[in-house]
Structures are given as structure tokens and as C-alpha cells.
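One structure is given here, and the rest of the page talks about it.
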Amino acid sequence: MSRSRGCPYTAAPGRARAVRRRARAVQRAHASQRSSIGERPVTEEKSKKQFVEDLTDQSDDFSRWYTEVVRKAQLADYSPVRGCMVIRPYGYGLWEHMQRLLDARIKATGHQNAYFPMLIPESLLQLEADHVEGFAPQCAWVTEGGSEKLEERFAIRPTSEAIIGHMYSRWIESYRDLPVLINQWSNAMRWEKVTRLFLRTAEFLWQEGHTAHASARECQEEVLRMLEVYRDFVETDLAIPVHGGPKSEAERFAGAEMTYSIEALMRDGKALQAGTSHNLGQHFAKVFDITFQDEQGKRQHVHQTSWGVSTRLIGAVVMTHGDDQGLRLPPHIAPVQAVVVPIWRKDEDRAAVTQFVGRVKEAVGERARLWVDDRDQYTPGWKYNEHEMRGVPVRLEIGPRDVANRAVMSVRRDNRAKEAIPIADLATRLPVLLEEVQRALFQSALAFREANTGYANSIEEIEAHFASKRGFVAVPWENDPALETLIKERTGATLRCVPIDQAPFEARSQGRRVALFARAY
RNA sequence: CGGGGCGUGGCGCAGCCCGGUAGCGCACCUGCUUUGGGAGCAGGGUGUCGGAGGUUCAAAUCCUCUCGCCCCGACCA
């Protein structure tokens, strides 16, 4: 038969089975005081079998769990350059699906893709004072070309407002040129002191949208439109519930008039900013001289927005859905949606199973991203663990018994529910099953967030909450920078955003608008 | 950027205190038996001990510097 070689996501050599008993024991001792918010009550009941043996439990050391799972599932690896990472095919596959789904939404809202250069002259960066103050310390600089020292050094883009502002000033003359709605998919670099795979790396991949509008009203509409695009994308395709809304002045993007974000809650109870949308007002228009003639022939500065999400979203997926057995990937972005594990004992079985697997592939066709794991050197049990660790949403076991029944045994990754699916039903049942997994992941993340959202009316109550717990705390809020600073000093929690959708808090807020506070990544 | 920890075959580690021919498990290769929750036996290959200097007859081991990773804090997307 034709072996399904060339699956880009094939696992490499397995991992050591030896459990580091001693090391684990030490870790547990150290971790026992830790907040156990990320721990599900049932985890203790692992009864007889540890399905995946060599992964640190989330409740033992969440950071360690994260790093291990990212590397063992082969999402990414460290590079020789400090703070940079190599995104491996399985991780890049996630990114490609995110790109595909988000790009479609960006285009559907009228934007076009373009590409601006990575090198930004220092003089351009310096034009906007807040902007340069925010980013200069984080810039990597190019000072030489070949063997010649450059007259002016270039920053490797930390973000592209400057270069894009420069170009827009040349492209925009009339109100008829507006709005300009451009997005770019690119890399960016920020010289970070502390880095974590995906969450904060020196170089990262992202998209950055940059738009210019004739009016402030239109500009603000764009800001909120894109925030909503992000919310919908992250909730629908990544199955991560988020709160979206404006940030405080303290958390604002360098050079922006107002910053909006979507905020997600990770399983260790820390918040993660998953996307941002900025109203840049006319700051950049003024310093880059981006003007247009309006219908009355009057010269005006444009109003601008910028918005972005990055490969950090991969980290968000890992930390929102992952459990002690490894990743749990949302089917919409899973590089492999269903893995087929063939099983046989005798040669006759093998032939029959192989033939049946071929029919299964045919039946599924393009309805799901299927991979037949027919690698000979691993046992079925080994493959089960491997694919669970890598988060494949559905496993299809096919052995002699299934061939006899003309069915496959499906097992969901999220809850291990088993179901025999007759081959005749597979084409319709599998896509539905994948949608069920997608929804279940969202629901469980939502339930987790609700269980980890508190409510506080005073600094004392906020302190009391963070003394023993993590998660979000909703606080009735009217812009109060002093209180915000106090909360940060006393609890380490920052104002994540003031949710636009206040419905989840109404029951307890008595009509008062709340802001969300949390310790954050 | 401060405090702590760790760098030894592909991975996980022992050896370091007390200097003396570099080891174990897994993985990998070959063969046979296996395959419904990380298979078994037999044989085999694998190391500039993170890097640079120093001390010494001799350094994985002692000293100095340096690079990287992890954790906790401060700072920032």
C-alpha cells in the first residue's frame, strides 16, 4: 500500500519513559504552596494509568509544563540566538491556519495586504516622541552594510507605524484617497529582556493593520470593527473566550490616543492580551504630515488606526486548552484534525485493516484534515499517547474488530469519549464531531473563566482576592489612575480592559461599569 | 535588570564536595518475535563534559570570566 509519507507533522523519536521520580518529588515539595487555581479537582484521580508519563503536571509547575509541552509537541524550539525561537512545522501549521482564517476576515472587512520593509531609519522613528520613547529601548539596530558603517542606523521594525506613516504622507492627497485600509503579515523584533516561547520572543510573526480615515468617527468605527473581528476570530476559531474593551492610560500603546485589547484567561489564572486595536488619532498624521484635501478644499490631517495579533496566540491556545496530558487543539486550527491509528495482530489482519483504512480516507476526503499514522515502529498505545500529547482533536482506531463491524472507533481528545462510527456515516459524522470538540473546548474555557472571575468593591476586597486566588476581578470603575497604581503595587494585578460587553457583570455590578483586573503575562 | 537553579551522546540524568582512562536509562541502527493505552530479546554506533582563560604531572571535577536556558521578582506587547 502507499504509506502516507510526507505528513509534515510526523512525530520524531519518542520521549523517555523513565519518570524523573526524584526530580518530581523535589518539584512537588516546592510547588505545594502554589496557588492551585489551574488545577482541576479531578486530576488527583488518575487511577491506574498515567497516560502521558513524562510531562510535568500543570498544578506542579505551570511554567515548566508550558515549556515542556511546547517543545515535546514540537511546536517550537530554541535558536542559537537568545530570545529567538524556531517555529517547527506543527507549530507553524497552527499559525498557517490562524493566518488563513483571520486573513479572510481582514479581507472581508475591506482591507488589502501589502508589505513594508523591515528596516526603519532612526530619523523616522524619532519623529513621534512617545513612540520613540516606547520603542527605542527595545530596538535592534543595523549599523553596518557589508563592511561600510552606515551614515544613519536602521531599526529592525519593532512595529511599522513610522515607515507606514512616512509612505501614507506620500500616497494620500485627497479625501477621495481615503480610507486607506492596509494590512501586512510580517515579522517584528523587540529586544526583550525576558522571553518565553511564543508569549514573548525577540522576533515574532504577526499581522499589523494600518488604516487612515477622513474623520475621527470613521476612525473609531474602524478601531472597534477590528477589535470585534479579533474577538470573533479568537472565540470562534481558537475557542478562547475573551473580554474586549479599552485599556487605561497606563496600559496604552506608545503614541496612541486609545488602546483596546481582547483579554483571555489562561489555565494558571493569569490574563493574556490576545490582540490589540489602537486609535492613533492624528498624532502620527501630524508628525509624518499625512494630510488630505476635504470636499471643501481644506487641508486636514488623517485619523489613523493600527491593530495586530501575533504568534503569541499560539501560546494562548496552549495555555487555554492544554491539560496534564498535553495540548488540546481546537479543530479549526489543528494541523491534523483526525489521526487514524491502524491496528493488527496477524498479517491477514494487516491487509484487511490497510484496505479498510483506504476506504476511510476516501470516505472522509476533504471534509477533515486526516492523517494515517501507519508508522511501523510504534505500537498503537504509543501512538495514542503521542497524539494526545500533541493535541489531535480526534483519533480513529481501526483494527480487525472495526473492519468486521464496518466502523471506526473514534476517541475525542478533549474528554476521551468513545464512539463507534459506521463507515457509511463517517463523511457526515466526523465534521460534526469536530465541531462538537471545538464547541466543547470553548465551553470549558468559558466555564473556567467564569469560575475564576471574582468581584470586588474596594481595594481591600481586591487585595483579599489576590491574596489567595488569581483570575479576573471585576471592579466598578470610573477612570481612577491613582487607584489603578495602588492596585498594581499591592497585588501585582493590572487593569486589563474595561469590557465593552458588560452583560456578564451586570448581575453583580448594579448598573455600574466594571473594569477587569488580573495578573498578566 | 536583581535573587536562585541548571548546562555531561538525540532526550533525561549520574559522576563534581574528595582532580587520575566518561557512565546509566530512553531514543537511534541491525535481526527475530510483536502491535486494541508508551512491546520483548540479542547485537551495534554515538561525546570538542556550553565556551574561553587559569591552577596542576593530570581538570567534567578546583579558580576566574563569559554565553545560554529555567524559576521568582521589577519592567515592557
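To find a chain, count down the sequence lines: A is the first, B the second, and so on, and within it residues start at 1.
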query = B/C71, B/C28, B/G36: which one has an atom nearest the side-chain heavy atoms of A/Pro380?
reply = B/G36

ask   = Do A/Lys270 and A/Tyr521 meet the cation-pi criteria used here (NZ or CZ under 6.0 Å from the six-membered ring centre, within 45° of the axis)?
value = yes

4.5 Å side-chain heavy-atom contact, A/Arg496 and A/Glu251 = yes

Partners passing ring pair (Phe, Tyr, Trp, His ring centres under 6.0 Å) against A/Trp141 (at least two apart in sequence or in another chain) = none

message = If I pick the P atom on B/U8 and the same atom on B/C13, what distance separates them, to the nearest angstrom?
response = 9 Å

Restricting both atoms to N or O, compile the protein contacts to nucleotides 29-31 of chain B shorter than 3.5 Å, with distance only.
none

message = Taking the side chain as everything from C-beta on, heavy atoms only, tell me whether A/Arg429 gets closer than 4.5 Å to A/Pro422.
response = no

query = B/U21 and B/C65: how far apart are their C1' atoms, nearest whole angstrom?
reply = 30 Å

key: Base partner of B/G36, which must satisfy Watson-Crick or wobble distances under 3.5 Å   = none

key: Euclidean distance for P, B/G54 against B/C72 (whole angstrom)   = 39 Å

request  = Identify the nucleotide, in any strand shown, that forms a Watson-Crick or G-U wobble pair with B/A42, with both distances under 3.5 Å; if there is none, say none.
outcome  = B/U30

task = Measure from CD on A/Gln74 to P on B/C11 and round the result to the nearest Å.
result = 13 Å

query = Tell me the ring-ring contact (aromatic ring centres under 6.0 Å, His included) pairs involving residues 253-272 of chain A, sequence neighbours left out?
reply = A/His131-A/Phe253, A/Phe135-A/Phe253, A/Phe253-A/His278

request  = Using the C1' atom on both, measure B/C16 against B/G7 and round to a whole Å.
outcome  = 14 Å

remark   = Any strand, both distances under 3.5 Å, Watson-Crick or G-U wobble: B/C1 pairs with B/G73

message = What's the gap between B/G68 and B/A52 when it is taken at their P atoms, as a whole Å value?
response = 16 Å

ask   = How would you label the contact of A/Arg395 with the nucleic acid (heavy atoms, under 4.0 Å): base, sugar-phosphate, or nothing?
value = base

message = Categorize A/Pro158 for me: base, sugar-phosphate, or nothing, with a 4.0 angstrom heavy-atom threshold over every strand shown.
response = nothing

request  = Determine the interatomic distance between P on B/G43 and the same-named atom on B/C63; round to the nearest Å.
outcome  = 42 Å

note = Closest to the side chain of A/Trp382, out of B/U35, B/G38, B/G37, is B/G38

request  = Hunt down the Watson-Crick or G-U wobble partner of B/G12, both distances under 3.5 Å, from any strand shown, or write none.
outcome  = B/C24

request  = Taking side-chain hydrogen bond (donor to acceptor under 3.5 Å, both in side chains) as the test, write out the residues that go with A/Glu228, two or more places apart.
outcome  = A/Arg231

key: A/Met85 CE to A/Phe204 CZ distance, which is reported to the nearest 0.5 Å   = 10.0 Å

inquiry  = Can a donor-acceptor pair be found, under 3.5 Å and without considering hydrogens, that links the side chain of A/Arg390 to the backbone of A/Leu327?
reply    = no

query = Roughly, in whole Å, what's the span from CG in A/Asp324 to P in B/G37?
reply = 22 Å

query = Tell me: CZ of A/Arg413 to P of B/G37, nearest whole Å?
reply = 17 Å

query = Contact class for A/Gly83 (heavy atom, under 4.0 Å): base, sugar-phosphate, or nothing?
reply = sugar-phosphate

query = Who are the side-chain hydrogen bond (donor to acceptor under 3.5 Å, both in side chains) partners of A/Arg312, not counting sequence neighbours?
reply = none

inquiry  = By nearest atom, which of the nucleotides B/G36, B/G37, B/C69 is closest to the A/Tyr78 side chain?
reply    = B/C69

message = Using a heavy-atom cut-off of 4.0 Å across all strands, would you classify A/Thr379 as base, sugar-phosphate, or nothing?
response = base

request  = Decide yes or no on ring-ring contact (aromatic ring centres under 6.0 Å, His included) for A/Phe517 and A/His465, but give the supporting numbers first.
outcome  = CA-CA 11 Å; A/Phe517 283 82; A/His465 180 279; over 10 Å; no

ask   = Given the C1' atoms of B/G15 and B/G31, what is the spacing between them in whole Å?
value = 34 Å

message = Measure CH2/A/Trp344 against P/B/U33 and give the value in whole Å, please.
response = 16 Å

remark   = Considering only heavy side-chain atoms of A/Val411, the closest of B/C72, B/G37, B/G36 is B/G37

task = Write down the partner of B/G7 under the Watson-Crick or G-U wobble criteria, each distance required to be under 3.5 Å.
result = B/C67

inquiry  = When the P atoms of B/G5 and B/U64 are compared, how many Å lie between them, rounded to an integer?
reply    = 14 Å

inquiry  = What is the separation between atom CD on A/Glu68 and atom C1' on B/C13, rounded to the nearest whole Å?
reply    = 14 Å

Are there any protein N/O atoms within less than 3.5 Å of an N/O atom in nucleotides 74-77 of chain B, and if so, which ones and at what distance?
residue : atom : partner  : partner atom : Å
B/C76   : O2'  : A/Gln138 : OE1          : 3.3
B/C76   : O2'  : A/Gln138 : NE2          : 3.3
B/C76   : O2   : A/Arg200 : NE           : 3.3
B/C76   : O2   : A/Arg200 : NH2          : 3.4
B/C76   : N3   : A/Arg200 : NH2          : 3.1
B/A77   : O2'  : A/Arg312 : NH1          : 3.4
B/A77   : N9   : A/Arg190 : NH1          : 3.4
B/A77   : N7   : A/Arg190 : NH1          : 3.3
B/A77   : N7   : A/Glu192 : OE2          : 2.9
B/A77   : N6   : A/Thr201 : O            : 3.1

note = As its Watson-Crick or G-U partner within any shown strand, both distances under 3.5 Å, B/C62 has B/G54

request  = Enter the distance from A/Thr311:OG1 to A/Glu203:CD here, rounded to the nearest 0.5 Å.
outcome  = 9.0 Å

